[in-house]
Structures are given as structure tokens and as C-alpha cells.
Trainee: 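One structure, pasted below without further comment.
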Amino acid sequence: MQREDLIFVGICDLAGLVRGKAFPARESASRMRRGVGFTHSNIMMSAFGPIYATPFGTEGDLMLVPDESAKVQVPFDDGSSERFFLGDLRTTDGAYWECCPRHFLRRALDALQEAAGLNIRAAFEQEFVYTGVEDRPGATYALDLFRRQRGFGEALMAAIRQAGASPDSFLPEYGPRQFEVTVAPATGIRAADEAVIVREMARAVAFRLGHRAIFAPMLTPQGIGNGTHIHFSLTDASGAQATHDPARPYGLSSVGESFAAGVLHHMPALAAITAPSVASYFRLTPNRWAPTWTNLGEHDRGASLRVCPVFAPESAEDAAAQFNLEYRVCDAAASPYMALGALVFAGTDGIRRGFELPPRPGKNFWEMSEPEREAVGARMLPRSLGEALGLLSATPQAKEWFGDRFLDAYLMFKRSEIAALDGLDDAAICTRYAEVY
Ligand code: GLU
Ligand code: MG
């Protein structure tokens with residue numbers, strides 16, 4: 001049997017899934033320009049497959065064009081390989097399409113650049129459940145669990161490195177069969193590309209071993225959540241840290257403070273983009289090390305926005321280089337492009353409007369009553385995807401971030417996902433997402 005080399009080009013779409021088409025490798029030259037044909041309604045393919053609703057109908061053509069900077073070519077022991085590009089959805093005359101998720105992030109980065117002359121450096125910390133290991137009591141963070149999955153972890157790290165990202169750590173996490181993988185930060189669109197690539201490498205390695213890496217936010221309604229945490233800092237034109245000032249509250253520079261305040265201000269609405277599945281809201285509940293309020297916390301993993309620690313800095317420059325914030329209201333049902341784009345748009349709004357943070361509370365956040373938390377400016381995160389979507393549609397800035405057409409399409413897309421799960425109980429809802437992610 002003869003085989004012809006195929007290369008896939010995909011976009012991590014509104015469902016947070018990588019979808020696209022493959023072309024013969026020998027046609028690469030022309031495909032780098034024209035990509036593969038796509039249609040507008042393809043962006044409305046739900047997490048579960050069907051297009052439940054679409055404002056675009058059956059008409060129209062787009063191009064899904066590979067980006068040379070997002071090329072993955074990773075060989076495996078069995079002789080197979082992962083060969084794909086991530087790319088952009090463009091109109092047939094080559095312009096970026098207004099509803100392209102990757103372009104949403106590009107536009108957000110342009111807005112940040114225009115408002116403050118800054119860029120963002122980010123790293124996604126991703127949790128998932130690996131099915132290739134037995135669930136045993138006491139395995140949490142255990143050397144023995146790591147030992148049993150060393151093969152998977154090492155193959156995953158190698159694949160990530162070969163795909164062009166820098167692996168940072170791999171660990172057996174808190175939940176049953178749960179693992180976490182982190183990579184070094186990257187700048188701008190590349191950070192989101194790498195988040196997509198890391199997920200796909202975990203799935204690719206698990207597949208070669210006959211198993212799955214499941215990134216669904218919750219596998220059971222009462223279980224331990226899989227978060228996708230976004231670590232970030234702003235950088236100036238020279239690539240230097242712009243978020244840190246050790247002399248100011250929380251160690252945040254003035255622009256860093258405004259950015260953080262913008263993120264906190266918009267956070268309940270951002271949840272509709274960064275925690276965008278029905279099951280995401282089973283995760284955002286108390287006692288799960290997942291966020292429940294719009295609060296900034298120093299070194300507090302219960303906070304939705306965390307000022308991360310700086311470890312044994314060798315110098316002030318080293319401390320500045322390490323300093324970062326972590327956005328925790330995110331999971332893998334979100335396209336990293338949409339999630340990082342939403343974060344950047346919200347923070348940029350804070351910079352533009354000169355937002356400030358409320359004074360640092362004099363008391364531990366978790367020792368405060370709910371009215372006390374509200375008095376220091378915190379709000380409860382939405383309790384459901386429907387509530388979050390309502391908040392997003394009521395956010396005037398969202399129209400500017402998305403554009404009218406894209407916002408309407410996004411709201412329609414997510415509301416049809418809720419409708420598709422109508423009548424299922426919470427356990428069945430988790431199962432539906434676990435089949436997909
Ligand atoms: N699993 C937690 C979540 O759902 C996070 C645990 C941690 O801090 O790493 O976000
Ligand atoms: Mg973790």
C-alpha cells in the first residue's frame with residue numbers, strides 16, 4: 001500500500017477544538033498562501049459536532065491559511081508523526097476574517113500596543129486526566145504515580161520540545177489520574193499557539209500509547225477540576241517586564257495595576273469566554289482550589305487573579321523577570337486565542353480608563369463575610385454559562401472587542417450549546433464534555 005504525506009492545517013475554534021483539513025505535503029508552497037477552503041458556518045461547529053445554529057447559512061467561502069510560525073512536525077517511535085500547522089481564517093482576498101479566533105487575539109494585542117505600547121508574555125498551565133493509569137488512593141503528587149507515568153511524561157516533554165515550545169514541568173496533580181504540564185512563557189500569539197500545541201501533544205502521545213488525555217473542566221460534577229491557568233506579564237518594546245514595581249502594592253507597576261483592575265472589572269463577563277462550557281461552572285465552586293470571586297490574591301491559589309511568588313531571586317532583574325500574574329478562571333473548553341484575547345482586551349480597557357485597584361484589604365479574604373468581600377470590591381463569579389453569557393452581552397465593550405457580527409455569532413453558538421444539553425443531569429453533562437475534550 002502506498003502512502004502520501006499529508007499535512008493538516010487547523011484552527012483552535014470557538015469550541016476550543018482544533019479543526020481543519022489536510023493537504024498533500026508536496027503542495028506546501030501554494031497551500032502556504034491559499035490554505036484550504038472553509039466556510040463561515042464551520043466556525044459554528046459545536047463542541048459536540050453538529051452546527052445547532054448559524055447566522056451564516058450555507059453560503060460563503062473562506063481560506064484556512066497555515067502560519068509558518070506555528071508549524072509542528074514531531075516524529076514518534078512507531079514511525080508515525082504529527083504534522084500540522086495552526087493558521088488563520090481569511091476571506092478569499094486574503095484579509096483576516098472578522099470571526100477568526102486567532103485574529104481576535106491579534107486584534108487584542110494591537111489594542112494593547114496602541115493603548116500602552118506593550119505586549120504580553122504568557123504561559124498556559126494545563127491540567128488534564130490521563131486514562132492510561134489506574135486510579136489509586138494516595139497517588140496525589142506521588143513519586144509512585146509519577147514512576148508509573150514517567151514514560152508518558154517523558155514522551156510528552158520530548159514532543160513539546162520538538163514542537164518548538166520549552167517544557168517546564170510535568171506532575172501528578174491532586175485529582176484521580178490528574179496530571180499537569182507547564183511550559184516556559186512566550187510572547188503574543190505564540191503563547192496561545194503553544195497552549196494549543198501542548199494540548200495536542202498530550203493527546204498525540206496518549207493516543208500513541210492507546211489512551212486519552214482528557215482536558216474537560218470536570219469529569220464528574222463533584223470531582224476535581226482541570227484548570228487552564230494563564231500566567232502573564234506585560235512587556236515593553238525592548239521585551240522588558242512592565243508589570244512589576246516592587247515599591248508599589250502587590251508589586252504591581254502603575255500600568256500593571258490598571259491592567260489587573262480591568263481584568264477584575266470585566267471578569268464575570270470574561271468567564272463566558274474563558275470558562276465557556278456548561279461543565280465549567282461545576283469547577284468554579286468552593287473548595288476546589290478554583291476561583292469563585294473576582295479577587296486579586298497574593299500567592300493565593302483560591303483567588304481568581306493571583307500575584308505569583310518570585311523564587312529566590314538572584315537580583316532585582318531576576319525578580320522582575322520572574323514576576324507574573326495568573327488568571328485562573330479558565331479551562332480547556334476555551335480556545336487559548338479567545339481566552340488570552342479576552343484577557344488582553346479587558347486589561348487594556350483598564351489601562352485606557354486608568355483603573356486603580358481598591359486598597360489592599362486589611363483582612364484575609366477567606367475570613368471575610370460575603371458583604372465584607374463585596375465591600376472590598378469583589379463580586380461572585382457567575383454560577384452558570386447562561387449567566388456569564390448574559391453578562392457578556394450586557395458589556396458595552398464586548399461589542400468593540402468582538403465586533404457586532406462576531407459577538408452575536410459567539411452568543412448564538414454558546415446558547416445553542418446550552419440548549420443541546422437540555423434535560424441532561426450534571427453527571428451526564430460532564431460525560432458529554434469528557435468525550436469531547
Ligand atoms: N485544579 C484546580 C483548578 O481547577 C487548580 C489546582 C492548582 O492550583 O493547581 O483550577
Ligand atoms: Mg495545578
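No hydrogens, no waters, no symmetry mates; every other heavy atom, side chains included, goes into these values. Order of listing sets the numbers, starting from 1, for every ligand and every atom in it. Source: prediction; values computed, not measured.
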Trainee: Rounded to 10°, how big is the angle at the Mg ion (ligand 2) from Glu173 OE2 to Glu127 OE2?
Mentor: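 My answer is 90°, to the nearest 10°.
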Trainee: Got the closest protein heavy atom to atom 1 (N) of ligand 1, with its distance?
Mentor: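 Protein heavy atom with the smallest distance to atom 1 (N) of ligand 1: Glu127 OE1, 2.8 Å.
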Trainee: Considering both backbone and side-chain atoms of Gln178, is one of its nitrogen or oxygen atoms within less than 3.5 Å of a nitrogen or oxygen in ligand 1?
Mentor: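 In this structure, Gln178 places no N or O atom under 3.5 Å from an N or O of ligand 1.
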Trainee: For atom 3 (C) of ligand 1, grab the closest protein heavy atom and report residue, atom and distance to one decimal in Å.
Mentor: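 Answer for atom 3 (C) of ligand 1: Arg283 NE, 3.4 Å.
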Trainee: What protein heavy atom is closest to atom 8 (O) of ligand 1, reported as residue, atom name and distance in Å?
Mentor: Arg328 NH2, 2.8 Å
Trainee: Using distance alone, decide if ligand 1 has a nitrogen or oxygen within less than 3.5 Å of any nitrogen or oxygen in Ile224.
Mentor: no
Trainee: Just checking, Arg432 and Phe48: is the charged tip under 6.0 Å from the six-membered ring centre and within 45° of the axis?
Mentor: yes
Trainee: Within the structure, does His229 bring an N/O atom to less than 3.5 angstrom of an N/O atom in ligand 1?
Mentor: yes
Trainee: Could you check whether Ser41 and Thr54, counting side-chain N and O atoms only, form a donor-acceptor pair closer than 3.5 Å?
Mentor: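 A pair is found: one side chain offers a donor N or O, the other an acceptor, under 3.5 Å apart.
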Trainee: Tell me, please, if Glu125 has any N/O/S atom, main chain or side chain, under 2.8 Å from the Mg ion (ligand 2)?
Mentor: no
Trainee: With heavy-atom distances below 4.0 Å as the criterion, list the atoms of ligand 1 near Arg301.
Mentor: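 Near Arg301, meaning under 4.0 Å from one of its heavy atoms, ligand 1 has 8 (O).
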Trainee: Considering the options Pro276, Cys99, Ser393, which one meets the side-chain contact (heavy atoms from CB on, under 4.5 Å) requirement together with Tyr410?
Mentor: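 Single pass found, and it is Pro276.
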Trainee: For ligand 1, which atoms have a heavy atom of Glu180 less than 4.0 angstrom away?
Mentor: 9 (O)
Trainee: In terms of ring plane angle, is the pair Trp97 and His40 parallel, tilted or perpendicular, where the classes change at 30° and 60°?
Mentor: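 Perpendicular, since the angle between the ring planes exceeds 60°.
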Trainee: Walk me through whether Ile189 and Leu109 qualify under side chain to side chain contact (heavy atoms under 4.5 Å, CB included).
Mentor: CA-CA 8 Å; Ile189 290 187; Leu109 294 168; 3.7 Å; yes
Trainee: State whether Phe128 and Arg199 meet the cation-pi test: NZ (Lys) or CZ (Arg) under 6.0 Å from the six-membered ring centroid, and within 45° of the perpendicular axis.
Mentor: no
Trainee: Heavy atoms, side chains only, cut-off 4.5 Å: are Arg208 and Phe76 in contact?
Mentor: yes
